[in-house]
Each structure stands twice: as C-alpha cells, then as structure tokens.
There are 2 protein chains.
Amino acid sequence: MPQTQILSRNQKIVLDIIEKAKGPLKAYSILFNVQKKGINAPQQIYRALDKLIEMGKIHKIESKNAFVACRSSDCEISKATAFSICESCEMVDEISDAKLSKYLSGFNYRKGMKFKRFNLEFFGICKKCKKD
Amino acid sequence: MPQTQILSRNQKIVLDIIEKAKGPLKAYSILFNVQKKGINAPQQIYRALDKLIEMGKIHKIESKNAFVACRSSDCEISKATAFSICESCEMVDEISDAKLSKYLSGFNYRKGMKFKRFNLEFFGICKKCKKD
DNA sequence: TAACAAACGTTATATTATAACACTATGATA
DNA sequence: TATCATAGTGTTATAATATAACGTTTGTTA
C-alpha cells in the first residue's frame, strides 16, 4: 500500500469535482459536470467512484446515494464512518470523533459476529436551517 | 397515535411477506412475490413500504436497498436503528442494545446540530459464513 | 349525506447502477 | 525482447431502483 495513491486521469477528474463541491454529489450530476472533459458514460463515473471509495478518498452517503470527499485524514481505508445529515438543506458533515469511533469499533454484539466496518448516519436540522 | 396501527390491505400483504422472509427483501422481489395477490405495480409496493417504515414496522437497510421487519418491539417510530450485516451471506440482524442506543441518542457533535434520528450499519462475516 | 383524507390502480418515466466487450498503457518477468 | 498480467479506458446496452401524475375507491367523521 503506497502512502500516496496515484490516481488515474478519470479518478482525478471525479475526485476534483467532489472535493470542490459544497455538498454531496450524485453520480449523474458528476457525469453532467464532466462531459466537457470527455467523460461520456455512467460506467466511467462509477468506476472512478468505486476506486476512490476503496482508497478512502471519498465516502458514499448511503441514505442519499451521493458522494462526499473524505475530510478526515485518518480514514485512508474507511472502516469507520459517521456523518451528520441535515434533512432540510441536505448538508452533510463528516463526523470525526475519536471517542465515538473507538466506542463503535470496539462494539461487539452478543450474538456474535466480529465487525470489520461500520457506517453511521445521524439526521436532524442544521443550525442554519433552524434559523429560517 | 394509536398503539395498534391499522394496516390497509396492501400494507398487510407487504408486511406479511417481509415478516416471513429470512433475510432482507428488495422492493421488486416483493413485487414479483405478490403479483398473484393482485398487486401489479412498483408504486403499490413503494407506497406500502413508505407507510410501514413510518409506522416502524419495517426498516430499510440503506446499504442494500432492502427491507427487513422490525424485531425490536421498542422502536415503533424508528429513530434509532442499528444493524449487523454479513458481507458474505447478506444476512441482516437488527441490533437492539440499550447501551448503544442510549450512547448514540445522547451523542451530540460539537459542530452543533441536534440529532433526531440515526441509522448504524455494521459489516462483517457472520459466524456461519466463517466456518465455510 | 357531504366532505375529506387515505389508500388504491394504472401508465409512464426518472434515477441509479451494472454487464459485456473491445481497446490501450504499463510494468513485471521469463 | 517477447509475452503476460494488471489496471484503466471508451462505448453500447440494459438492469434495478424509485417516483410523478392522474383519476378512482374506500373509510371516517362532521
């Protein structure tokens, strides 16, 4: 495993647009935004997304079928992800809280399987939306 | 809110099949299984699913786009859900662990929004699959 | 019974994701 | 150097998941 992953052309393009976005992006919205760069088909987007997820560069927000850049340097291989999601404005924030992560990584259910990975999504109304 | 919800015909049919299933069911697989009962269109399934989720009778496993019956009597309105998912056999188990639930319900991220609801999905290989 | 809400049935369509196949570039190695 | 494996690319087609929109029926309640 190299510390610094080498990205392919398409992977760079897709990561770039996700990193610059203010919120989670959907696959087809990424597609429409990169057609000028010569990417024409969903397959190309999904392939890049898959690799970027594997590398831990991005995360999928399962409840929204959308993708965000990873902001927490410590999850190169994303085994422990947690997000805060506003149900009004759709804003997503990655939660990096050592205690929470430790608590959940150590959690073992009595019924018995050993967990390799978890994903946690919190929902509410963000401060900004509450004001309106 | 009545303690015992009254279900409509289609809601009953859909809930019934989900409750009898051994694992999570997908919407279209539900559809194919109820066509003999006169349900013909996805819309009818999705409408029933939506209501059943609202009532807390079933849960959606977001990472699988599939649905399971609620086994834990205490989550009539599902504000706090956690699941154990086997990545090999696709088995899903609802986790009902008071400590975990309390810990997460009380969790408040410093950045500040108050959470109404969460969903947690753990992944691993179940005991049964480990043996093979 | 009139009025309303909730559920229903149906057709059409939108959105999300994958299959399959041929081609290209790169680096490892026999 | 030849050849092999691996990873990435481009493309067409299609599968799988989900919702919109419309009109009708049913059940509740004022």
Side-chain angles (χ1 to χ4, degrees), chain A residues 1-2 4-18 21 23-68 85 87 90 92 119 121, chain B residues 1-2 4-18 21 23-68 85 87 90 92 119 121:
Chain A
M1 271 301 149
T4 312
Q5 298 269 6
I6 291 159
L7 299 182
S8 76
R9 188 188 115 88
N10 288 359
Q11 287 159 14
K12 266 181 220 146
I13 293 172
V14 170
L15 179 56
D16 189 57
I17 193 170
I18 296 176
L25 290 185
K26 305 214 149 208
Y28 276 75
S29 124
I30 295 169
L31 176 57
F32 297 138
N33 278 286
V34 299
Q35 286 185 325
K36 47 200 162 198
K37 300 207 174 175
I39 296 183
N40 305 301
Q43 189 62 271
Q44 297 172 282
I45 302 297
Y46 282 104
R47 282 201 286 234
L49 290 171
D50 287 347
K51 291 297 177 183
L52 292 168
I53 288 170
E54 263 183 32
M55 296 174 195
K57 298 286 189 190
I58 63 171
H59 303 297
K60 181 172 185 181
I61 306 301
E62 295 287 356
S63 61
K64 301 173 75 65
N65 299 315
F67 304 85
V68 295
I85 301 168
E87 287 176 310
E90 317 266 277
V92 170
N119 180 52
E121 299 182 1
Chain B
M1 269 304 147
T4 312
Q5 297 270 6
I6 291 159
L7 299 181
S8 77
R9 187 188 118 86
N10 288 0
Q11 288 160 15
K12 267 180 220 145
I13 293 172
V14 170
L15 178 57
D16 190 56
I17 194 169
I18 295 176
L25 290 184
K26 304 213 152 211
Y28 275 74
S29 123
I30 296 169
L31 176 57
F32 297 137
N33 278 286
V34 298
Q35 287 185 324
K36 46 199 162 198
K37 302 209 173 175
I39 296 184
N40 305 302
Q43 188 62 273
Q44 296 172 282
I45 302 297
Y46 282 104
R47 281 200 287 233
L49 290 172
D50 286 347
K51 290 297 177 183
L52 292 168
I53 288 170
E54 263 183 31
M55 295 174 196
K57 298 285 187 191
I58 64 171
H59 302 297
K60 180 171 187 183
I61 307 302
E62 295 287 357
S63 60
K64 302 174 72 66
N65 297 316
F67 304 84
V68 295
I85 301 169
E87 288 176 309
E90 316 266 278
V92 169
N119 180 53
E121 299 182 0

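Proteins get letters first, then strands, A, B, ... in listed order; numbering begins at 1 in each. Side chains are part of it too, since the values below use all heavy atoms of this structure and drop only hydrogens, waters and symmetry mates.
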Under a 4.5 Å cut-off applied to non-hydrogen side-chain atoms, are A:N119 and B:S63 in contact?
-> no
Return the value, rounded to whole Å, for the distance between atom CD of A:E62 and atom P of D:dA18.
-> 12 Å
What residues form a salt bridge (Lys or Arg N to Asp or Glu O under 4.0 Å) with B:E90, not counting sequence neighbours?
-> B:K64
Using a cut-off of strictly less than 4.0 Å, decide whether A:Y28 has a side-chain nitrogen or oxygen near OP1 or OP2 of C:dT15.
-> no
Phosphate OP1/OP2 of C:dT18 contacted by A:Y46 side-chain N/O (<4.0 Å) = no
Just how far, in rounded Å, is C1' of D:dG10 from CD1 of A:I39?
-> 11 Å
note: B:L52, atom CG; C:dA7, atom C1'; distance rounded to Å ~ 13 Å
OP1, OP2 of D:dT11 versus side-chain N and O of A:N40: anything below 4.0 Å?
-> yes
Which atom pairs, one a donor and one an acceptor, fall under 3.5 Å between side chains of residues 40-53 of chain A and the rest of the protein, sequence neighbours left out?
residue: A:N40; atom: ND2; partner: A:G38; partner atom: O; Å: 3.4
residue: A:Q44; atom: OE1; partner: A:N40; partner atom: N; Å: 3.0
residue: A:Q44; atom: OE1; partner: A:A41; partner atom: N; Å: 3.0

Closest heavy-atom contact between A:Q11 and A:I6?
-> OE1-O, 4.3 Å
Between A:M55 and A:L7, the two heavy atoms sitting closest are SD-CD2, 3.4 Å
A:N65 side chain near C:dT15 phosphate (N/O to OP1/OP2, under 4.0 Å) = no
So, for B:S29 and B:L25, which heavy atoms are closest and what is the spacing to 0.1 Å?
-> OG-CD2, 3.9 Å
If you check the A:K60 side chain, which of D:dA18, D:dT11, C:dA17 turns out closest?
-> C:dA17
When the distance from CD of B:Q11 to P of C:dG9 is rounded to whole Å, what number comes out?
-> 12 Å
With the side chain defined as heavy atoms from C-beta on, A:F67 is closest, among C:dA17, C:dT11, D:dT11, to C:dA17
Verify the contact: side-chain N or O of B:K26 to OP1 or OP2 of D:dT17, cut-off strictly under 4.0 Å; return yes or no.
-> yes
Whole-Å distance, A:I45 CD1 to D:dT9 C1', equals 13 Å
Give the rounded distance in Å between these two atoms: CG of A:N10 and C1' of D:dG10.
-> 9 Å
To the nearest angstrom, how far is A:D50 atom CG from C:dT18 atom C1'?
-> 10 Å
What is the distance, rounded to the nearest whole Å, between atom CG of B:L25 and atom C1' of D:dA16?
-> 16 Å
For the residue pair B:I61 and B:V92, what are the closest heavy atoms and their distance?
-> CD1-CG1, 3.7 Å
Is the shortest side-chain N/O distance from A:K51 to OP1 or OP2 of D:dA7 below 4.0 Å?
-> no
Between the protein and nucleotides 27-30 of chain D, list the N/O to N/O atom pairs that are separated by less than 3.5 angstrom.
none

In short, A:F67 meets A:I58 closest at the heavy-atom pair CD2-CD1, 4.2 Å
Can a side chain N or O of B:S8 be found less than 4.0 Å away from OP1 or OP2 on C:dC8?
-> yes
Across the strands shown, which category fits B:R47 at heavy-atom distances under 4.0 angstrom: base, sugar-phosphate, nothing?
-> base
Distance test, side-chain N/O of B:Q43 to OP1/OP2 of D:dT19, below 4.0 Å | no
Hey, does the side chain of A:K64 come within less than 4.0 Å of D:dA18's phosphate (OP1/OP2), counting only N and O?
-> no
